[in-house]
2 protein chains.
Amino acid sequence: METSSNGTVLGNSVAKMEGMRVASPVDARKVEGLSMNGGVDGKSGAENPIPPPTNPLVTALLTDMYQITMAYAYWKAGKQNDLAVFDLLHRKNPFGGEYTVFAGLEECIRFAANFRFTDSDVAYLRTILPSRCEEAFFDYLKGVDCSEVVINAIPEGSVCFPRVPLIRVQGPLLIAQLLETTFLTLVNYASLVATNAARHRRVAGKNKILLEFGLRRAQGPDGGISGSKYCYLGGFNATSNIDAGQRFGIPVRGTHSHAFVSSFMSFDEITKRSLEYNNNSSDVCKDFVLLTMQYLNRMKEVQSLQKWFAETNHSELAAFISYALAFPTAFQALVDTYDVLKSGIPNFCAVALALHELGYKSVGIRLDSGDLSYFSVQTRKFFKVIEKEFGVEGFGNMIITASNDINEDTLDALNKQGHEIDAFGIGTHLITCYQQPALGCVYKLVEINGQPRIKLSEDVAKVTIPCKKQCYRLYGKGGYALVDLMVGDDEPVPKAGERILCRHPFSESKRAYVIPQRVESLYKCYWSGTSGQPREPLPPLEELRRHCQEELAAQRTDHMRGLNPTPYKVSVSGQLYDFIHFLWLSEAPVGELH
Amino acid sequence: METSSNGTVLGNSVAKMEGMRVASPVDARKVEGLSMNGGVDGKSGAENPIPPPTNPLVTALLTDMYQITMAYAYWKAGKQNDLAVFDLLHRKNPFGGEYTVFAGLEECIRFAANFRFTDSDVAYLRTILPSRCEEAFFDYLKGVDCSEVVINAIPEGSVCFPRVPLIRVQGPLLIAQLLETTFLTLVNYASLVATNAARHRRVAGKNKILLEFGLRRAQGPDGGISGSKYCYLGGFNATSNIDAGQRFGIPVRGTHSHAFVSSFMSFDEITKRSLEYNNNSSDVCKDFVLLTMQYLNRMKEVQSLQKWFAETNHSELAAFISYALAFPTAFQALVDTYDVLKSGIPNFCAVALALHELGYKSVGIRLDSGDLSYFSVQTRKFFKVIEKEFGVEGFGNMIITASNDINEDTLDALNKQGHEIDAFGIGTHLITCYQQPALGCVYKLVEINGQPRIKLSEDVAKVTIPCKKQCYRLYGKGGYALVDLMVGDDEPVPKAGERILCRHPFSESKRAYVIPQRVESLYKCYWSGTSGQPREPLPPLEELRRHCQEELAAQRTDHMRGLNPTPYKVSVSGQLYDFIHFLWLSEAPVGELH
């Protein structure tokens with residue numbers, strides 16, 4: 001049998017784990033069976049048109065009603081082509097942390113590249129707007145696309161921080177406004193779950209195998225599908241989700257459930273009992289059931305195993321034998337259907353020993369309930385005893401996988417208690433981001449026709465930073481990022497070695513001079529409409545994942561730690577600071593005291 | 001302008017609110033552009049084939065890898081056609097409550113009716129299974145469908161309780177097993193968010209307008225789309241999500257954002273200033289901007305308004321005027337872009353007074369930040385002063401809508417503080433089920449080839465209730481449900497007026513005799529494969545919603561209350577109780593003390 005072809009990503013341990021092969025991602029267009037004719041692309045330096053979003057439900061109608069009422073009002077006022085700049089940003093990091101992984105960009109670009117209203121879309125919109133709305137508007141809508149929109153963004157998979165816009169959209173007011181809801185839908189969950197995956201990876205440590213098992217608990221089908229993708233980006237090794245495996249080329253993993261075990265009643269159900277040896281001979285073991293029973297009986301005679309178990313559950317053993325007969329090169333068993341230590345583990349070992357005699361190496365076991373620390377330690381001891389008593393090299397090191405409501409805190413507690421788990425299957429807490437199930441990205445107008453705009457709020461955290469901006473990351477001597485800096489688009493680019501004043505955008509007294517060793521410009525252009533400007537390609541998932549893991553590894557650990565992490569500094573230039581406060585005072589009404 | 005045609009559902013207040021019309025739901029098949037040829041239906045009493053799931057991503061590949069490895073192992077063991085019964089159930093109600101609204105059934109049936117693997121699905125599966133797997137299995141997979149599967153379920157929209165299976169699937173082991181993950185994905189979030197909506201409705205009260213505003217914060221696109229559907233089922237009045245409006249016929253609502261307001265700089269931008277009177281005449285107001293300014297000036301002269309405001313923000317006023325010129329029959333404004341009381345409210349009133357002079361009635365305002373109780377009360381006072389000073393009847397009763405991080409607790413607190421809010425726009429907390437973002441439905445094998453099966457666990461709550469079962473709801477004298485009762489499929493149907501022993505499934509001493517006034521059989525058959533048995537139709541969303549609201553209204557209030565609700569009793573018959581415990585002892589291994 002072939003083992004995983006994906007060793008570079010998973011490391012040998014995952015490949016070893018289940019011996020499943022990994023296929024290449026299937027072309028998304030082929031999978032979805034959709035044509036590409038919606039795109040306006042083709043003149044902007046790319047050879048191939050950009051495919052539509054992964055989920056065919058992501059169309060121009062997947063938006064809030066107010067986008068359409070606003071569109072009509074803009075059009076009525078003749079403002080549809082005012083040149084607008086919108087920022088998409090988050091105001092707070094999730095999970096009580098001090099960083100966020102940015103994800104969802106590719107889907108936004110695919111959406112924008114293919115944005116248009118079909119005739120039936122427009123027909124529906126006509127039914128939900130007041131009947132007095134002018135017909136010419138609906139004709140206008142049929143011609144709307146993103147050919148005049150330019151989208152700059154931080155690269156997908158980057159580590160990012162509040163207030164620094166993740167995406168900057170510039171273009172005609174009406175169309176740039178129309179992108180709001182869908183962009184937010186595509187970025188909010190993507191970034192949230194990628195960050196969640198990265199946080200789980202940090203606590204688990206880089207040598208553990210992390211398996212995303214979330215599909216059944218996801219918030220809807222593509223919560224599952226996109227969740228699998230972004231967990232992989234955030235540092236997971238594989239998923240249980242076959243669709244995500246096919247669609248994105250993510251390694252898929254899985255063995256069997258409790259139902260498989262309880263579907264067996266007795267050995268009588270196993271009618272085909274022979275199994276060939278794994279030694280390139282034509283030797284065949286005629287009765288693998290008998291061989292397994294012999295090993296189980298031999299195990300019972302081992303003095304040091306007698307305190308562990310007596311009679312095991314035979315319907316469970318029948319299930320394990322059947323699974324081994326189907327997958328002799330990839331035998332892995334779920335051991336907690338009846339009783340982990342009295343039944344599941346001894347039954348597994350009897351089958352694994354029988355397989356070993358025929359030249360097959362087993363993978364290991366999965367625990368899905370109970371005290372995972374205790375059971376994993378006891379299981380490892382049991383495996384070691386078997387290794388010693390039966391002289392089977394490597395038996396003690398078989399993979400112990402654990403699942404069952406695992407989250408960051410559980411991982412942390414297991415690390416403190418001590419455990420022998422090699423791989424974690426994480427579902428509910430990962431995929432639904434249980435600790436904080438929403439990220440609050442917003443999409444704010446910051447400039448129109450060259451005029452900076454501000455949105456005030458009773459809550460200072462909700463005041464927007466006006467102007468079309470450039471964003472930079474300034475690095476210090478240790479190679480670590482010191483501060484992110486936003487400047488007006490017309491300000492000079494900060495230079496390495498030159499002293500720069502960085503100010504907190506709202507707190508007058510918080511400011512610092514920085515002499516960066518290196519200055520990184522955060523934005524790249526990912527969509528340039530039909531302007532002819534070059535744009536960045538959309539990298540494959542493996543590359544996004546590698547970029548993400550490199551970014552995470554490059555952060556100062558005090559920003560990344562779980563408890564009381566240090567906030568990363570986000571600042572504005574002195575010029576931008578002055579302008580924010582000038583605009584604030586000019587827009588806020590002055591009260592009168594009577 | 002026409003107002004809502006959906007008054008029966010929304011009540012007049014919603015129709016009045018924005019004056020948007022509601023279209024019929026578009027046929028899902030038409031929207032998705034998919035053909036129906038996947039179904040195996042047609043012989044089972046239905047005229048029309050059942051369409052595929054709403055989301056085209058919901059295919060046979062949207063499942064966990066272990067379903068396929070199990071399928072292969074079942075097939076290898078010759079067990080693929082063993083007659084299996086699986087229960088889909090939840091073990092715990094969400095949100096600390098004592099009830100759950102069951103949703104997602106229609107999508108499950110649509111999935112099952114169209115279940116099959118395409119050639120390209122099978123080609124992909126071949127790449128992820130070990131290469132030694134037999135080719136005949138892949139040929140077999142190509143012919144798999146649900147023609148021999150029978151699905152019974154509690155009607156969608158019903159109030160349900162832990163341990164009572166929501167769906168019972170019987171059929172060949174391999175195919176019934178294959179449905180697990182997808183069914184769970186389709187039921188878990190659907191039931192969770194429907195329950196969340198029902199809980200919000202309970203706290204808000206039946207006379208408030210509840211608007212679902214969740215799309216941008218949903219966990220992925222169809223978290224948004226399906227979330228809109230199930231929130232409507234659970235008792236919301238409308239959604240902001242246009243796609244859900246089109247797809248499911250849900251009323252859609254929306255006005256404008258902060259960006260709309262800040263996109264305006266001055267009155268100079270309003271070039272077309274005329275507005276016709278709403279009196280079937282050809283009279284036209286030539287300068288609506290001037291008329292509004294006149295009203296604003298008159299408001300400033302009113303003694304009792306002078307304590308409220310002085311100079312308002314004129315770019316905001318320009319935006320409001322523009323919006324009113326576009327939607328004179330449906331004028332509603334977001335008033336917190338610069339300052340609610342000093343700017344937003346007086347600007348809104350000036351525009352509304354000008355519209356009134358031309359014969360138009362305005363809708364109201366939306367608050368999106370700050371102290372919603374205080375602002376709503378102050379706004380209402382302001383409106384009443386205007387009504388009195390300017391003699392505009394009904395002005396004081398205009399609709400006040402509030403949004404901004406509203407949840408059950410906020411609604412409860414607002415009720416206690418007092419407020420003047422008529423409509424709530426609820427997004428993040430509703431759509432992501434922030435308080436508890438996952439429901440833990442499971443899918444368990446309970447019988448195979450007529451033999452009951454049990455899954456044991458270290459945790460009693462995780463022990464399954466074996467046997468193919470029938471489930472009944474027993475009603476008492478007050479018309480309220482007393483207890484749900486599970487009995488073996490071969491046991492007699494409980495009868496009204498006859499004494500029945502109801503036992504807690506696991507707690508020996510908890511039991512009661514019940515003489516029901518009425519006995520309701522909970523299961524109906526929704527899919528009968530090609531058996532020719534009749535099956536229930538899949539009711540339209542409006543009917544599911546009505547059923548849900550009736551069920552919620554019929555529950556005893558102590559089960560429904562927010563704080564320390566009384567658990568509803570779920571029981572088994574004496575015969576089933578005995579059998580559970582017999583099977584438990586026969587499967588659990590006996591330990592030995594040394």
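Letters go in sequence order (proteins before strands), and every chain restarts at 1.
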Per-residue contact mode, E316(B) against chain A (heavy atom under 4.5 angstrom): neither
query: Tell me, side chain or backbone of S315(B) under 4.5 Å from chain A's heavy atoms, or both, or neither?
result: side chain
- request: Go through V446(B), L445(B), N188(B), T432(B) and name the one with the most non-hydrogen pairs under 4.5 angstrom from chain A.
  value: T432(B)
message: Let's test your reading of the structure: which of N241(B), D405(B), N449(B) forms the most heavy-atom pairs below 4.5 Å with chain A?
response: N241(B)
task: Select, from L173(A), V193(A), T181(A), L215(A), the one with the greatest count of heavy-atom pairs under 4.5 Å involving chain B.
output: L215(A)
field: chain B contact via A218(A) - side chain, backbone, both or neither, heavy atoms under 4.5 Å
entry: backbone
message: Is any side-chain heavy atom of D243(A) closer than 4.5 Å to one of Y124(B)?
response: no
- line: Cut-off 4.5 Å, heavy atoms of chain A, and the answer for R453(B) is side chain
query: Would you call K76(A) and K272(B) a side-chain contact if the rule is heavy atoms closer than 4.5 Å?
result: no
message: Please verify the inter-ring angle class for F264(A) with Y74(B); under 30° counts as parallel, over 60° as perpendicular, anything in between as tilted.
response: parallel
field: Per-residue contact mode, H256(B) against chain A (heavy atom under 4.5 angstrom)
entry: both
message: Counting heavy-atom pairs under 4.5 Å with chain B, which one of S257(A), A190(A), G224(A) comes out on top?
response: S257(A)
- request: Name the region of D368(A), side chain, backbone, both or neither, that has any atom closer than 4.5 Å to a heavy atom of chain B.
  value: backbone
Close aromatic pair by centroid cut-off 6.0 Å: Y66(B) and F260(A): no
message: Given heavy-atom pairs under 4.5 angstrom as the criterion, report whether the side chain, backbone, both or neither of I225(B) touches chain A.
response: side chain
- prompt: With a 4.5 angstrom heavy-atom cut-off, which part of A77(B) approaches chain A: side chain, backbone, both or neither?
  reply: both
task: Please confirm whether the backbone N or O of P437(B) pairs with a side-chain atom of Q219(A), one donor and one acceptor, at under 3.5 Å?
output: yes
query: Quick check: does any side chain N or O of S262(B) sit under 3.5 Å from a backbone N or O of I454(A), one acting as donor and the other as acceptor?
result: no
Distance-minimising heavy-atom pair for P130(B) and T329(A): CB-OG1, 4.4 Å
side-chain hydrogen bond (donor to acceptor under 3.5 Å, both in side chains) partner of R216(A), the single match among T63(B), D64(B), T185(B): D64(B)
field: Portion of E107(B) that has a non-hydrogen atom of chain A nearer than 4.5 angstrom
entry: neither
task: Give the member of V261(A), I242(A), L61(A) that has the highest number of heavy-atom pairs under 4.5 Å with chain B.
output: I242(A)
Interchain contact, D82(B) with chain A, by part (heavy-atom threshold 4.5 Å): side chain
message: So S263(B) and Q177(A), do their side chains get closer than 4.5 Å, heavy atoms only?
response: no
message: If I measure from the heavy atoms of chain A, does E269(B) come under 4.5 Å with its side chain, its backbone, both, or neither?
response: both
- prompt: Which heavy atom of L439(A) sits nearest a heavy atom of R217(B), and at what distance?
  reply: O-CD, 3.4 Å
task: Look at C433(A), P328(A), A319(A) and state which one has the largest set of heavy-atom pairs under 4.5 Å with chain B.
output: P328(A)
Any F327(A) side-chain heavy atom under 4.5 Å of C133(B) side chain: yes
Which portion of L186(B) sits near chain A, non-hydrogen atoms under 4.5 angstrom: side chain
- line: When the 4.5 angstrom heavy-atom criterion is applied to C441(B) and chain A, the contacting part is backbone
- prompt: Mind checking whether P251(A) and I128(B) have side chains closer than 4.5 Å, heavy atoms only?
  reply: no
task: Identify the heavy atoms of V252(B) and M65(A) that sit nearest to each other, and give their distance.
output: CG2-SD, 4.0 Å
field: Among E180(B), Q436(B), K79(B), residue most engaged with chain A (heavy-atom pairs, under 4.5 Å)
entry: K79(B)
query: Where on L125(B) is there a heavy atom nearer than 4.5 Å to chain A: the side chain, the backbone, both, or neither?
result: side chain
field: Minimum heavy-atom distance between A326(A) and Y72(B), given as atom pair plus value
entry: O-CE2, 3.4 Å
statement: Here the pair of heavy atoms bringing P221(A) nearest to L62(B) is CB-CD2, 3.7 Å
query: To the nearest 0.5 Å, what is the distance between NE2 (H258(B)) and NZ (K444(A))?
result: 5.5 Å
message: Can you tell me which portion of I448(B) sits under 4.5 Å from chain A's heavy atoms? Options are side chain, backbone, both or neither.
response: side chain
statement: If you tally heavy-atom pairs under 4.5 Å between each of T464(B), T337(B), I431(B), T271(B) and chain A, the highest tally belongs to T337(B)
query: For chain B, which of D222(A), T182(A), I270(A), V187(A) has the most heavy-atom pairs under 4.5 Å?
result: D222(A)
field: Closest contact, heavy atoms only, T428(A) versus A438(B)
entry: CG2-CB, 3.3 Å
- prompt: To the nearest 0.5 Å, what is the distance between CG (L57(B)) and OG (S226(A))?
  reply: 9.5 Å
